[in-house]
Q: 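Would you mind keeping the following structure in view while I ask a few things?
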There are 2 protein chains.
Amino acid sequence: MFTIFQNYLQSKASFTSEQLEMINAVSVIKKLRKNQYLLQEGDVWRYNAFVCQGCLRTYSIDEKGLEHVLNFAVENWWIGDRESLLNGTPSRFNIDAIEDSIVLLITKENFDMLTSKLPQLNDLVNLILQRSFVASQNRINSNISHTAEEKYKAFIEKYGPISLRLPQHMIASYLGITPETLSRVRKQLKK
Amino acid sequence: MFTIFQNYLQSKASFTSEQLEMINAVSVIKKLRKNQYLLQEGDVWRYNAFVCQGCLRTYSIDEKGLEHVLNFAVENWWIGDRESLLNGTPSRFNIDAIEDSIVLLITKENFDMLTSKLPQLNDLVNLILQRSFVASQNRINSNISHTAEEKYKAFIEKYGPISLRLPQHMIASYLGITPETLSRVRKQLKK
DNA sequence: CTTATTAATTGATCTATGTCAATGGCTGGT
DNA sequence: ACCAGCCATTGACATAGATCAATTAATAAG
């Protein structure tokens, strides 16, 4: 399963086999059944996590008990709670598997060791962070500017085939609308 | 005016006077009158920018000509369009001054040179990026989870005294609500 | 100072979206 | 294969927030 991560790394930068071995040595594979938690609210998140296979979601639960999906992640995406990782604070989010999944975990300490020894990994991680921030800002812009229908169309546009793997009530939650509204938007768009 | 930036840097990390001089050498001070643009949609953003004094906003303009405020920035904050900077693409945003302001600009090339020579600056910038991402994610969570009133209260909580310097229609825009709705929310909260 | 703009408030509607409830279709577990 | 429990859909209705319009308050310009 490390092969998938290795292929990903090689596609983004150049690593010698010794360097890959160093990464492999601190990587832990974790298999998750559908619905299984990777992180639960209140726990501290201590890893950098890469999705080798499957699909997961990050979500919060509000005072009324409603779930709000913050992010999805599929193969070749990173997932986790940066706030908890950065500050060592208990997470306000949950992460669970939408499909049976396989993730690769590297603890913060090991990851910091790797980035300090491998500049190309450091650059890669930094680039991903920058892109994540940009994506995040664009989502905010969409949130404050668009109607339910516009947000849904933009979502389908952005997620493409991945959107077919996500239950609609989770997409609705991600967009900040109810499942009923999403259902009506979809009906409208079919015409 | 460089002194302000210098104080900021020293408060976040340690720099020798030679290092500070190196930073000073590539810093450009730009004064902005109220309402003056720092960046206009369609232009490419090529700097890292630090606000020494004043207050600015980043916003987009939608198809209907409506403005949507993405961010505010005051003294000791960074501002810019990371997407345009990272990809070299024309910006979809505008940045202008809400008050007479002074910003310090360092071109991307010079900034990259600085971060490669000064690891502590690189770490600082990386930390800010991580925090920005976290803040951004939290704002998305707020957007999809809360009512107008809850979002406004959270905004006041987060921005504190700075919120008094911002016109209400811009706060409304930032929150994704109309000025009329914000006015009513405020009236409600006074009771 | 005076006037011209722009911003904030308020009232009267309108509308997109939420809420509640019922139905039928899938899906996963036994 | 069967049942139980989600999930998507649909309808009827409620409501937060938008829109439009008018008034007042605050700022800026001459």
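Proteins get letters first, then strands, A, B, ... in listed order; numbering begins at 1 in each.
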Q: Atom NZ of B:Lys151 to atom C1' of D:dA16: distance rounded to whole Å?
A: 11 Å
Q: Inspect the contact between A:Glu180 and A:Arg184 and indicate whether a charged nitrogen and a carboxylate oxygen are less than 4.0 angstrom apart.
A: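 Looking at A:Glu180 together with A:Arg184, the answer is no, because their closest N to O distance does not fall below 4.0 Å.
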Q: Is the OH atom of B:Tyr47 crowded by more than 12 outside heavy atoms at less than 6.0 Å?
A: no
Q: Tell me whether the side-chain N/O atoms of B:His169 come closer than 4.0 Å to OP1 or OP2 in C:dA8.
A: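 So the side chain of B:His169 is within the cut-off, an N or O lying under 4.0 Å from OP1 or OP2 of C:dA8.
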Q: So is A:Arg57 actually on top of A:Tyr174's ring, under 6.0 Å and inside 45° of the axis?
A: no
Q: How long is the line joining CD1 of B:Ile171 and P of C:dT9, in whole Å?
A: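 Interatomic distance, CD1 of B:Ile171 to P of C:dT9: 11 Å.
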Q: What is the distance, to the nearest angstrom, from the NZ atom on A:Lys64 to the C1' atom on C:dT19?
A: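 Those two atoms, NZ and C1', are 13 Å apart.
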Q: Would one find a side-chain N or O of A:Thr178 under 4.0 angstrom from OP1 or OP2 of C:dT17?
A: no
Q: Please work out whether the ring planes of A:Trp78 and A:Phe50 are parallel, tilted or perpendicular, with thresholds of 30° and 60°.
A: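 Aromatic pair A:Trp78/A:Phe50 classed perpendicular.
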Q: Tell me which of B:Thr147 and A:Lys190 sits closer to the 5' end of DNA chain D, going by the nucleotide each one is nearest to.
A: A:Lys190
Q: What is the distance, to the nearest angstrom, from the CZ atom on B:Arg33 to the P atom on D:dA28?
A: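 These atoms are roughly 12 Å apart.
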Q: Over 60° means perpendicular and under 30° means parallel, so tell me whether A:Phe5 and A:Tyr8 are parallel, tilted or perpendicular.
A: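 Because their plane-to-plane angle is under 30°, the rings of A:Phe5 and A:Tyr8 count as parallel.
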Q: Counting heavy atoms from C-beta on, name the nucleotide in C:dG18, C:dT9, D:dT9 closest to the side chain of A:Ile177.
A: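 Comparing C:dG18, C:dT9, D:dT9 against the side chain of A:Ile177, the answer is C:dG18.
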Q: What contact category does B:Arg184 fall into here, base, sugar-phosphate, or nothing, at under 4.0 angstrom with non-hydrogen atoms?
A: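 Base contact - B:Arg184 has a heavy atom under 4.0 Å of at least one base atom.
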Q: Under 4.0 Å between a side-chain N/O of B:Ser183 and OP1 or OP2 of C:dT9, yes or no?
A: yes
Q: Does B:Lys34 have a side-chain nitrogen or oxygen under 4.0 Å from the phosphate oxygens OP1 or OP2 of D:dA28?
A: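 Yes.
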Q: Between B:Asn126 and B:Gln130, is the side-chain hydrogen bond (donor to acceptor under 3.5 Å, both in side chains) condition met? List the steps.
A: CA-CA 6 Å; B:Asn126 192 255; B:Gln130 296 205 45; 3.1 Å; yes
Q: When the distance from NE2 of A:His146 to P of C:dT17 is rounded to whole Å, what number comes out?
A: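 Taking NE2 of A:His146 and P of C:dT17, I get 13 Å after rounding.
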Q: Indicate yes or no for a side-chain donor-acceptor contact from A:Thr58 to the backbone of A:Phe93 under 3.5 Å, with no hydrogens or angles considered.
A: no
Q: Given C:dG18, D:dA18, C:dT9, which nucleotide is nearest the side-chain atoms of B:Gln168?
A: C:dT9
Q: Which whole-number value in Å describes the distance from B:Tyr152 OH to D:dG17 P?
A: 15 Å
Q: Indicate, with a heavy-atom threshold strictly under 4.0 Å, whether A:Leu182 touches base, sugar-phosphate, or nothing.
A: nothing
Q: How bent is the helix from C:dC1-D:dG30 to C:dT30-D:dA1, comparing axes over its five end pairs at each side, to the nearest 10°?
A: 60°
Q: Mind checking if B:Pro167 touches a base, just sugar-phosphate, or nothing, with heavy atoms under 4.0 Å?
A: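 It contacts sugar-phosphate atoms only.
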Q: If you find the nucleotide of DNA chain C closest to A:Glu180 and the one closest to A:Glu149, which residue's nucleotide is nearer the 5' end?
A: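 Of the two residues, A:Glu149 wins.
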Q: Measure CZ/A:Arg186 against C1'/D:dT10 and give the value in whole Å, please.
A: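 Taking atom C1' of D:dT10 as the reference, CZ of A:Arg186 is at 14 Å.
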Q: Take atom CD1 of B:Ile98 and atom P of D:dT27, then tell me their distance rounded to the nearest Å.
A: 15 Å
Q: When you look at A:Ile23 and A:Leu114, which way does the side-chain contact (heavy atoms from CB on, under 4.5 Å) test go after all the steps?
A: CA-CA 7 Å; A:Ile23 297 172; A:Leu114 289 176; 4.0 Å; yes
